Every structure is written in C-alpha cells, then in structure tokens.
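Numbered from 1 within each chain, the chains take letters A, B, ... in sequence-line order. Values in this document were obtained by computation on a predicted structure and should not be read as measured data.
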Amino acid sequence: MKVRTRFAPSPTGFMHVGNLRTALYEYLIAKSLGGDFVLRIEDTDQERKVEGAVDIIYNTMKEAGLKHDEGPDIGGEYGPYVQSERKDMYIPYAEELIKKDKAYRCFCTKERLDSLRENSDDPGAGYDRHCRDLPQEEIQRLLDEGTPYVIRQKMPLEGSTTFEDAVYGTISVDNSELQDQILIKADGFPTYNFANVIDDHTMNITHVVRGSEYLSSTPKYNLLYESFGWDIPVYVHLPLIMGKNDDGSISKLSKRHGATSFEDLVKAGFLPQAIINYIALLGWAPKDNREMFTLEELVENFEISGISKSPAVFDYNKLEWFNGEYIKAMSVEEFAETAMPYFRKAVPDKELDWVKVASILQQRTTKLTDIPEKIGFFNALPEYDKELFVNKKSKTTLENAPGLLKAGIEALESLSKWDHDSIHDCLIGLAQKLEVKNGTAMWPVRIAASGMAVTPGGAVEILDILGRDESLARLYKGLQMLQEQ
RNA sequence: GGCCCGAUGGUCAAGCGGCUAAGACACCGCCCUUUCACGGCGGAAACACGGGUUCGAUUCCCGUUCGGGUCACCA
C-alpha cells in the first residue's frame with residue numbers, strides 16, 4: 001500500500017515552527033517511503049476563522065519547499081480538502097455510531113456543563129454522562145421539541161485501550177480515563193477529533209504524524225477506528241519544541257520566546273533553507289554526524305527510528321550558525337541579491353558596487369537583519385570621536401595618527417588607478433616606507449574613511465567601494481579633525 | 001490533582017550490556033590577520049538519585065525526583 005501522510009493545519013493566521021516541523025516530518029516520511037503528502041485544511045471552528053490565513057499556509061509551504069501532492073489548491077482524488085466543504089459527510093458517520101451504540105445524543109446546555117466544572121474541585125472531573133442512557137421516548141421528545149444537541153462518543157466504562165506508536169512504543173490507558181468526547185458540535189460541524197478520524201480514513205492516510213500533545217487522546221481515536229471496523233494507521237507522535245524562559249525554565253515554544261512563526265523568522269533575517277535544516281534536526285538525528293542537509297538530502301536520509309522522544313529546546317544560536325553556513329555557501333552574486341533589500345535600507349541614496357559590498361559582508365553575516373547597521377557608514381560618514389584613532393594593537397596614537405593619515409592621503413592622491421589592488425599596494429608600500437606594521441598605516445585610514453571602530457572589510461576594501469573622491473574627502477576630514485586642538 | 005510521556009555537558013545530540021562516553025552550537029584560550037569576522041588549533045563541560053538483574057550497567061527492571069503533555073461544543 002502506498003504511504004500517505006497529511007499535514008492538517010487549522011488556519012490560525014500564522015505558521016508556528018512546531019507546525020512547520022510537523023509538516024516537514026510528514027513530508028519526509030511520505031517522500032522517503034515513496035508516498036504522497038496531502039494538505040488538508042481543518043477549519044471546523046467557524047468562530048476562529050481568520051481572513052487570509054490559508055494563504056499564509058500556502059506561502060510558507062512553498063517557501064519551505066514542502067510540495068504537497070494533493071490539496072485544496074491543486075485537487076486530488078480524495079477531495080474536497082477543506083473540512084468545512086466536507087461538512088455533510090461527518091453526520092452520517094456519527095449516526096452510524098449511534099446505531100452501533102458507540103455514540104449518543106447529548107442535550108445538555110453549555111451552561112450546565114460550565115456549572116458542572118465550576119462546582120467540582122477535581123480539575124479532571126469532566127462531563128457526568130448525564131445523557132448517556134436517556135430513554136428512547138425522552139430522546140424523541142427532545143428531538144421533536146427541536147432541542148439542540150451534540151453527539152458524544154460512548155466510551156467503554158471498563159477495560160483498557162492499547163495502541164502502538166512508532167516512536168513511543170506501546171501505550172495503554174484505562175478506558176475509565178476517557179471522556180465521552182463530543183464528535184458533532186451543536187452547529188453540526190464535527191470536532192477536530194472526529195473529523196480527523198473520518199478524513200484520515202476516507203483519504204487513505206497510512207501514517208498519522210502529529211505532535212505528542214495528541215498522545216493522550218489517541219486511545220479515543222483508536223476506539224473510533226475499532227467501532228467502524230477500520231484499519232488503524234501507523235501513529236507517529238513527535239516530541240514537542242520548547243522555548244527557554246528568562247528564569248531558565250522551559251515551556252512549549254510561544255511568542256514570548258521571540259520569533260516563533262516561519263514568517264517571523266524570515267523577517268528576523270533567517271533563510272528558509274536554514275530554518276528547515278535546523279528544525280529537521282530538532283527531534284531527529286541521522287545515524288552519522290551530519291548536520292547540513294538540503295531538503296532532498298533529508299528525504300534520502302530520513303528514518304522514523306531517528307526521531308527522539310524527549311522535547312527539544314529551540315536554540316536561536318544554533319539557527320544563526322546554520323544561517324551563516326547557508327550564507328557562506330552562496331555565490332557572491334546570489335548573496336548580493338538576497339541581501340539587496342538590507343543594502344537598500346542602509347544605503348538608500350547611493351549606487352555602490354553591490355557585489356563588492358556583498359563580498360566583504362558575506363563571511364561575517366549570520367543574520368540578514370544585521371547587515372544595515374554594518375554598512376550604514378557607506379551612505380554617510382557618521383559622527384565619530386577622534387579617540388577612535390587610538391588603537392593599542394595597531395600602535396596608533398593621537399600623536400602619530402595625523403602624520404600617518406597625512407602620508408596615506410599623499411600616497412593615495414598620487415594613485416593613477418583607483419582599484420582594490422592599487423590601493424592595497426599603495427598602502428602596503430607606505431607601511432614599508434615608514435617602517436611600520438601594516439596595521440599601523442591602515443588603522444587611521446580605515447577610521448577616517450568609515451568613522452567606525454569595527455567595519456566589514458579593511459581600509460583597502462572600504463576605499464575601493466567608496467571611490468576616490470569620497471574617500472579622499474573623508475580622509476581630509478579626518479585629518480582636519482586630528483589637527484584641530 | 002488523575003492519566004500519559006520523557007530524562008547523556010548550558011543547548012541539540014550519538015550511544016542501544018564491556019568506550020579514556022562521539023560530534024555540533026554557545027563559551028574560554030592561542031594562532032592567522034588591515035579593525036571585526038571567517039578559518040585553524042586547543043580547553044572547560046554530561047550519563048538526575050536510590051534499589052535491583054548481571055561477571056559487568058549510561059544502556060534492562062522497579063521506585064523516587066525533576067521536566068513535559070493532557071483532561072473544551074480549540075485544534
């Protein structure tokens with residue numbers, strides 16, 4: 001039988017990295033086993049609908065490279081792929097369960113349920129099964145009166161339910177722990193719990209992959225499959241992704257931990273491939289040491305047995321490292337293009353040789369958002385203090401800097417060609433002539449040209465990018481500043 | 001609170017009865033160097049605890065502790 005997995009997000013308006021990782025693993029399981037990956041939209045909660053939320057799902061998956069084989073946008077033979085469009089098919093299944101005495105109509109009001117909860121000191125009290133054994137005449141009377149009702153699953157009172165999970169192994173739960181959960185809501189829509197089972201079965205899903213928060217409700221699903229006499233899918237529950245709190249404790253990754261949706265992460269300067277690579281390794285490890293994987297390579301190497309059981313803390317540091325690796329692996333041209341929006345942000349008024357800018361930046365960029373502050377000095381020389389000319393390692397002081405800078409200006413002015421090599425040879429030659437270390441000759445020039453203690457690239461690269469006129473103007477300005485008392 | 005799951009350095013993680021317990025990120029030091037990076041080399045850092053089983057437990061079993069999840073007309 002062909003392996004089929006599904007990603008079934010509800011359109012909430014953003015794609016949490018936990019969801020994205022679930023989608024990724026679902027994709028990887030399907031593709032590594034030669035199967036199909038299905039996208040299904042779970043919008044049974046009509047009150048929580050968010051405008052444009054489905055587009056975010058499409059965009060994220062597209063940017064992440066997770067191509068689905070079937071879905072609302074591309075169709076497929078198991079459609080429709082949006083639950084609200086499948087609404088009519090759930091009730092007959094629920095009624096079938098009622099006939100089989102595996103479900104029942106419950107006429108309890110929301111108010112009664114609420115007060116039930118409030119008046120109990122047991123946090124896990126739950127529904128009291130008030131309507132579980134209503135006499136047939138009573139049911140008919142309520143129905144005739146048009147009393148709204150929900151359909152609940154009739155859990156066995158005794159015994160236990162056992163299931164196999166591909167990562168957690170055998171899990172067994174006493175049936176007495178199981179609530180008579182709602183299958184069909186008063187508005188006629190199925191709950192997630194019910195729709196999931198029906199959809200997964202009717203769509204021929206073979207591997208149900210989801211976060212481990214569903215582990216404890218899985219017995220209820222199993223009972224549903226058994227009631228219908230359906231084959232039970234392979235369950236693959238994934239460890240949760242956690243975030244570190246300020247006090248050092250950890251909890252489920254959420255907004256307070258920083259950027260947690262794919263969009264936020266991209267906005268924060270991370271590359272989609274780096275994000276995918278990183279989250280693939282959050283909860284899964286290959287047999288060897290390998291860390292760098294393209295999506296295709298992940299497909300080749302992915303194995304369910306490599307999935308870990310314990311929750312993993314999301315580490316922005318490591319993500320940044322991955323991002324830096326991906327940036328370094330690009331060609332300069334590619335990097336220049338990727339970084340262009342950030343270049344433009346820092347240098348809106350000028351045309352520079354962007355590939356040259358990219359080349360000095362590429363090796364030292366881990367996050368695209370760090371770029372603007374690094375190159376703002378190209379746009380305009382910042383105000384700076386002349387103390388910047390003092391540097392112990394380069395052996396520059398306020399006393400020798402003016403002379404050094406003056407000599408630099410004179411040497412540079414005599415240059416017939418203004419390009420990287422000429423500037424380089426000129427400045428190196430100057431250092432030799434003055435019998436000082438290269439750094440001693442370079443430091444005052446770089447400071448005067450940039451006004452910054454730390455810059456991407458050295459004096460040579462900066463002068464080259466700045467161009468002759470602008471460079472010399474800045475050097476003169478620096479010299480003037482040094483000579484003022 | 002009941003139930004379920006988990007536990008190797010700060011973080012991600014190899015390990016699946018016998019190892020000086022890998023590796024990566026972060027951190028520290030040194031080297032390289034035209035600042036900062038990059039790169040190279042080195043360092044510090046872990047099997048939660050207590051019982052078993054065994055010739056031998058990080059590894060298997062049982063407790064304890066700690067962490068997480070779950071108990072909705074949300075998904």
Suppose you measure atom [atom1] in [N] against the same atom in [M]; what distance do you get, rounded to whole Å?
| N | M | atom1 | value |
| --- | --- | --- | --- |
| B/C62 | B/G43 | C1' | 40 Å |
| B/U53 | B/A14 | P | 31 Å |
| B/G9 | B/C4 | P | 26 Å |
| B/G6 | B/A13 | C1' | 15 Å |
| B/C5 | B/C19 | P | 31 Å |
| B/U20 | B/U11 | C1' | 25 Å |
| B/G56 | B/U8 | P | 26 Å |
| B/U58 | B/A75 | P | 48 Å |

Residues passing the side-chain contact (heavy atoms from CB on, under 4.5 Å) test with A/Cys106, sequence neighbours excluded, are A/Tyr104, A/Cys108, A/Tyr127, A/Cys131, A/Val150, A/Arg152
Show me the donor-acceptor pairs within less than 3.5 Å that the side chains of residues 402-409 of chain A make with the rest of the protein, sequence neighbours left out.
none

Residue pairs meeting side-chain hydrogen bond (donor to acceptor under 3.5 Å, both in side chains), one or both in residues 7-26 of chain A, sequence neighbours left out, come to none
Applied to residues 424-451 of chain A, the side-chain hydrogen bond (donor to acceptor under 3.5 Å, both in side chains) test, sequence neighbours excluded, yields A/Arg446-A/Thr455
Its contact letters, B for base, S for sugar-phosphate only and - for none at protein heavy atoms under 4.0 Å, make nucleotides 22-27 of chain B read BSBSS-
For a quick test of reading the model: is some side-chain N or O of [X] closer than 4.0 Å to OP1 or OP2 of [N]?
| X | N | value |
| --- | --- | --- |
| A/Lys393 | B/C36 | yes |
| A/Lys437 | B/U33 | no |
| A/Thr44 | B/A75 | yes |

From NZ of A/Lys374 across to P of B/U35 the rounded distance in Å is 16 Å
When rounded to whole Å, the OH to P distance for the pair A/Tyr168 and B/C4 reads 15 Å
In numerical order, the residues of residues 274-283 of chain A whose heavy atoms come under 4.0 Å of RNA chain B are A/Leu281, A/Leu282, A/Gly283
The correct set of residues in residues 426-433 of chain A placing a heavy atom under 4.0 Å from RNA chain B is none
Does any part of the side chain of [Y], heavy atoms only, come nearer than 4.5 Å to the side chain of [X], both counted from C-beta?
| X | Y | value |
| --- | --- | --- |
| A/Ile56 | A/Phe262 | no |
| A/Ile423 | A/Asp419 | no |
| A/Ile41 | A/Pro72 | yes |
| A/Ile360 | A/Pro456 | yes |

Given the options A/Asp199, A/Asn196, A/Asp45, A/Gln83 meets side chain to side chain donor-acceptor pair (under 3.5 Å) only with A/Asp199
On a heavy-atom basis, the closest approach of A/Thr366 and A/Glu320 is OG1-OE2, 3.1 Å
Minimal heavy-atom distance between A/Lys328 and A/Gln362, with the atoms involved, is O-NE2, 3.9 Å
Check your understanding: Stepwise, does the side-chain contact (heavy atoms from CB on, under 4.5 Å) test hold for A/Ile57 with A/Met61?
Key -> CA-CA 6 Å; A/Ile57 294 170; A/Met61 293 185 59; 4.0 Å; yes
Proximity to the side chain of [X] - top-ranked nucleotide from [options]:
| X | options | answer |
| --- | --- | --- |
| A/Val454 | B/C38, B/C5, B/C36 | B/C36 |
| A/Ile171 | B/U34, B/U35, B/C4 | B/C4 |
| A/Leu113 | B/U34, B/C36, B/C73 | B/C73 |

I'd like a table of atom pairs between the protein and nucleotides 63-68 of chain B - only N or O on both sides, under 3.5 Å - with the distance next to each one.
from  : atom 1 : to       : atom 2 : distance (Å)
B/G68 : OP1    : A/Ile250 : O      : 2.8

For A/His207, the ring-ring contact (aromatic ring centres under 6.0 Å, His included) test, sequence neighbours excluded, returns none
message = How about NZ on A/Lys374, more than 12 heavy atoms from neighbouring residues, nucleotides or ligands closer than 6.0 Å, or not?
response = yes
Residues 157-171 of chain A vs salt bridge (Lys or Arg N to Asp or Glu O under 4.0 Å), sequence neighbours excluded, gives none
The complete set of salt bridge (Lys or Arg N to Asp or Glu O under 4.0 Å) pairs with one or both residues in residues 274-287 of chain A, sequence neighbours excluded, reads A/Lys287-A/Glu303
Ring pair (Phe, Tyr, Trp, His ring centres under 6.0 Å) test vs A/Tyr214 passes for just one of A/Tyr221, A/Tyr192, A/Tyr168, namely A/Tyr192
Is a donor-acceptor pair below 3.5 Å formed from side chain A/Arg446 to base B/U34, judging by atom type as modelled?
no
Judged by nearest nucleotide, the residue sitting upstream toward the 5' end of RNA chain B, A/Lys244 or A/Ala459, is A/Lys244
Heavy-atom nearest nucleotide on RNA chain B taken for A/Phe314 and for A/Tyr214; more 5' hit belongs to A/Phe314
Write down the partner of [N] under the Watson-Crick or G-U wobble criteria, each distance required to be under 3.5 Å.
| N | result |
| --- | --- |
| B/G18 | B/C55 |
| B/G67 | B/C5 |
| B/G42 | B/C28 |

Taking only nitrogen or oxygen atoms into account, show me every contact under 3.5 Å that the protein makes with nucleotides 15-21 of chain B, one pair per line with its distance.
none

d(A/Ile275 CD1, A/Gln273 CD) to nearest 0.5 Å is 9.0 Å
